[in-house]
Peer 1: 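Below: one structure in structure tokens.
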Amino acid sequence: MINTAQSPVLPRKFYIRPVLTVAKDLLGKVIVNKMGSNILAGRIIEVEAYDGKVDKASHSYNGKTKRNEVMFNEGGYFYVYFTYGAYFCCNVVTGKQNHGSAVLIRAIEPLLGINKMITNRFGRELKSEKEIYNLTSGPGKVCKAFGFTKVHSGLDLTNRSVFIVNQPRLKKSMIGISKRIGITKSVSLPWRFFEIGNMYLSR
DNA sequence: ATCAAGATTACCT
DNA sequence: GGTAATCTTGATA
């Protein structure tokens, strides 16, 4: 299903571009977690861009702190943070060193290791067929299903533990654009991007 | 030391 | 559609 010879791991240069470019380009790509005993993989279908240079909603807007320091790496690193006392959210750092921009992964379409994802998320079997669409349809859900936590923050995505493999770009007509969800600052920026019509979207 | 807010989710009506 | 849960983090004193 995922032939890594035909679909190479995305290189550094993919990530060292402006955050809006990378955000749109990430749609349709496949994120893989090989760190556990199971290989988990899913197609990225919903993202949001955060740019600390201009964006008050970004964790990096007010400069470097212990929590957000990974965001100031060059592109291609994994930034995972904890929020609301319960959930982790994972991001792909973009741009040049010290810029402070990242793409939040809000939803994926599960491909490999689906049973493991179900166990991670629910600790039980699915109650119904359609509950599969609740498996990874939100940033906290994605991290729970993939097992991403604080220990994954700072990983280099050009290595082979957690990484993203190339896939064809989505057609422009398949990319939806909207305001970001769940923020209270810089609310009007249209920086959420998603695959139109996908069943695994967060809303 | 204290405090308020938060890139969310599950559960209720 | 509305809201409680829950605790880390960063800011302020």
Side-chain angles (χ1 to χ4, degrees), chain A residues 15 18-24 26-27 31 42 44-73 75 77-95 99-110 117-128 130-155 157 162 164 176-195 199-203:
Chain A
Y15 299 105
V19 64
L20 294 177
T21 306
V22 177
K24 283 176 268 198
L26 276 173
L27 294 175
I31 184 167
I44 298 169
I45 58 152
E46 178 180 341
V47 298
E48 285 175 358
Y50 288 86
D51 183 347
K53 283 273 198 285
V54 295
D55 170 15
K56 293 191 177 73
S58 174
H59 288 171
S60 52
Y61 183 72
N62 289 313
K64 198 182 287 190
T65 66
K66 188 160 190 177
R67 174 175 71 156
N68 69 19
E69 61 182 354
V70 174
M71 274 188 85
F72 291 86
N73 288 350
Y77 286 82
F78 206 40
Y79 169 48
V80 184
Y81 66 88
F82 185 69
T83 192
Y84 289 105
Y87 309 105
F88 290 96
C89 294
C90 67
N91 302 252
V92 173
V93 177
T94 64
H99 186 105
S101 57
V103 177
L104 172 70
I105 297 177
R106 286 194 57 88
I108 65 101
E109 177 181 330
M117 291 186 201
I118 291 169
T119 303
N120 285 346
R121 261 278 282 149
F122 303 121
R124 55 164 173 76
E125 313 230 321
L126 290 185
K127 282 179 180 168
S128 68
K130 68 177 186 180
E131 199 179 29
I132 191 77
Y133 300 116
N134 187 34
L135 184 60
T136 52
S137 55
K141 299 175 188 178
V142 169
C143 283
K144 192 91 189 287
F146 274 77
F148 292 139
T149 68
K150 189 111 187 175
V151 305
H152 298 87
S153 199
L155 287 178
L157 295 170
V162 175
I164 302 174
I177 303 176
S178 78
K179 294 177 183 177
R180 295 172 296 179
I181 295 170
I183 56 172
T184 58
K185 301 168 193 163
S186 298
V187 290
S188 63
L189 295 173
W191 284 3
R192 170 174 175 257
F193 308 99
F194 56 95
E195 181 178 41
M199 293 292 286
Y200 294 88
L201 291 173
S202 70
R203 55 170 65 175

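Letters A, B, ... are given to chains in the order of the sequence lines, protein chains preceding strands, and every chain is numbered from 1. Since we're looking at a predicted model, the values are computed, not measured. Because only heavy atoms are used, hydrogens play no part in the values below, and waters and symmetry mates are left out as well, while side chains stay in.
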Peer 1: For A/Phe82 and B/dG6, what is the distance between atoms CZ and C1' respectively, to the nearest whole Å?
Peer 2: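 About 11 Å, once rounded to whole Å.
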Peer 1: Centre of A/Tyr50's six-membered ring, under 6.0 Å away, within 45 degrees of the axis: is that where NZ or CZ of A/Arg180 sits?
Peer 2: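 Verdict for A/Tyr50: a cation-pi partner in A/Arg180.
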Peer 1: Rounded to whole Å, please give me the gap between CG in A/Asn134 and C1' in B/dA10.
Peer 2: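 Taking CG of A/Asn134 and C1' of B/dA10, I get 9 Å after rounding.
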Peer 1: Check the phosphate of C/dG10 against A/Thr65, side-chain N and O only, distance under 4.0 Å to OP1 or OP2. Yes or no?
Peer 2: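 Affirmative; the distance criterion is met.
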Peer 1: OP1 or OP2 of B/dA7 sitting under 4.0 Å from any side-chain N/O of A/Arg192?
Peer 2: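 For B/dA7, neither OP1 nor OP2 has a side-chain N or O of A/Arg192 closer than 4.0 Å.
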Peer 1: Does B/dA7 pair with anything, Watson-Crick or G-U wobble, both distances under 3.5 Å, and if so, with which nucleotide?
Peer 2: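 No nucleotide pairs with B/dA7.
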Peer 1: Expressed in angstrom and rounded to an integer, what is the separation of A/Leu189 atom CG from B/dA7 atom C1'?
Peer 2: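 Rounded to whole Å, this separation is 13 Å.
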Peer 1: How are the rings of A/Tyr79 and A/Tyr81 set relative to one another: parallel (under 30°), tilted (30 to 60°) or perpendicular (over 60°)?
Peer 2: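 Aromatic pair A/Tyr79/A/Tyr81 classed tilted.
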Peer 1: Heavy atoms from C-beta onward define the side chain here; which of B/dA7, B/dT9, C/dG10 lies closest to that of A/Ile183?
Peer 2: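 Nearest to the side chain of A/Ile183 among the choices is B/dA7.
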Peer 1: Flag as yes if A/Tyr84 stacks onto the base of B/dG6 (centroids under 5.5 Å, planes under 30°), otherwise no.
Peer 2: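 The ring of A/Tyr84 is stacked on B/dG6.
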Peer 1: Treating A/Ser186 as the side-chain partner and A/Asp55 as the backbone partner, does any N or O pair qualify as donor plus acceptor under 3.5 Å?
Peer 2: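 No; zero donor-acceptor contacts below 3.5 Å.
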Peer 1: Is the backbone N or O of A/Leu135 less than 3.5 Å from a side-chain atom of A/Arg121, with the two atoms forming a donor-acceptor pair by type?
Peer 2: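 It does hold such a pair.
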Peer 1: May I have the distance from A/Lys56 (atom NZ) to B/dG6 (atom C1'), rounded to whole angstrom?
Peer 2: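 In whole Å, B/dG6 C1' and A/Lys56 NZ are 18 Å from each other.
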Peer 1: Between C/dC7, B/dA7, B/dT8, which nucleotide gets closest to the side-chain atoms of A/Tyr87?
Peer 2: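 Closest nucleotide among those given: B/dT8.
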Peer 1: Which nucleotide sits closest to the side chain of A/Asn62: B/dA7, B/dG6, C/dA11?
Peer 2: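 Within the option list, the nearest is C/dA11.
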Peer 1: Check whether any side-chain N or O of A/Asn91 sits under 3.5 Å from a backbone N or O of A/Ala102 as a donor-acceptor pair, and report yes or no.
Peer 2: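 No: the side chain of A/Asn91 does not pair with the backbone of A/Ala102.
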Peer 1: Side chain of A/Ser58 only, heavy atoms from C-beta on: which candidate in B/dA7, B/dA10, C/dC7 is closest?
Peer 2: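 Nearest listed nucleotide: B/dA7.
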Peer 1: Tell me the interatomic distance from A/Tyr61, atom OH, to B/dG6, atom P, rounded to whole angstroms.
Peer 2: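 Result: 15 Å.
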Peer 1: Report the nucleotide, chosen from B/dT9, B/dA7, C/dA11, that has the shortest atom-to-atom distance to any side-chain atom of A/Lys141.
Peer 2: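 Nearest to the side-chain atoms of A/Lys141, counting from C-beta on, is B/dT9.
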Peer 1: From C-beta outward on A/Lys185, which listed nucleotide comes closest to its side chain: B/dA10, B/dA7, B/dG6?
Peer 2: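 When the side chain of A/Lys185 is considered, B/dG6 is the closest of B/dA10, B/dA7, B/dG6.
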Peer 1: Describe the nucleic acid contact of A/Leu104 in one word from base, sugar-phosphate, nothing, applying a heavy-atom distance below 4.0 Å.
Peer 2: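 The answer is base, as A/Leu104 lies within the cut-off (heavy atoms under 4.0 Å) of a base atom.
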Peer 1: Side chain of A/Thr184 only, please: which of B/dG6, C/dG10, B/dA7 is the nearest?
Peer 2: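 Taking heavy atoms from C-beta onward, the closest nucleotide is B/dG6.
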Peer 1: Does C/dT9 have its OP1 or OP2 closer than 4.0 Å to a side-chain nitrogen or oxygen of A/Lys150?
Peer 2: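 For C/dT9, OP1 or OP2 has a side-chain N or O of A/Lys150 closer than 4.0 Å.
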Peer 1: Can you tell me if A/Glu48 uses its side chain to pair, donor with acceptor, with the backbone of A/Ile181 under 3.5 Å?
Peer 2: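 Yes, the answer is positive, given that a donor and an acceptor are paired below the 3.5 Å cut-off.
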Peer 1: Heavy atoms under 4.0 Å, any strand shown: does A/Ala57 hit a base, just sugar-phosphate, or nothing?
Peer 2: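 It contacts base atoms.
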Peer 1: Round to a whole Å and report the spacing from CD1 of A/Ile105 to P of B/dT8.
Peer 2: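 So the CD1-P distance, A/Ile105 to B/dT8, works out to 14 Å.
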Peer 1: Determine, answering yes or no, if A/Tyr50 is stacked on B/dA7 under the 5.5 Å centre rule and the 30° plane rule.
Peer 2: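 Here the ring of A/Tyr50 and the base of B/dA7 are stacked, with centres under 5.5 Å and planes under 30°.
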Peer 1: Would you indicate what A/Arg67 reaches in the nucleic acid, counting non-hydrogen atoms under 4.0 angstrom: base, sugar-phosphate, or nothing?
Peer 2: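 Answer is sugar-phosphate: A/Arg67 comes under 4.0 Å of backbone atoms only.
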Peer 1: Counting any heavy atom closer than 4.0 Å, what does A/Arg121 reach on the DNA or RNA strands: base, sugar-phosphate only, or nothing?
Peer 2: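 Counting heavy atoms under 4.0 Å across all strands, the contact made by A/Arg121 is with sugar-phosphate only.
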Peer 1: Would you indicate which nucleotide in B/dA10, C/dG10, C/dC7 comes nearest to any side-chain atom of A/Lys66?
Peer 2: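 Of the options given, the side chain of A/Lys66 lies nearest C/dG10.
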Peer 1: CZ of A/Phe88 versus P of B/dT9: gap in Å, rounded?
Peer 2: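 After rounding, the gap between these two atoms is 14 Å.
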Peer 1: Please state how far atom CG in A/Asn68 lies from atom P in C/dG10, giving the value in whole angstrom units.
Peer 2: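 Whole-Å distance recorded here is 7 Å.
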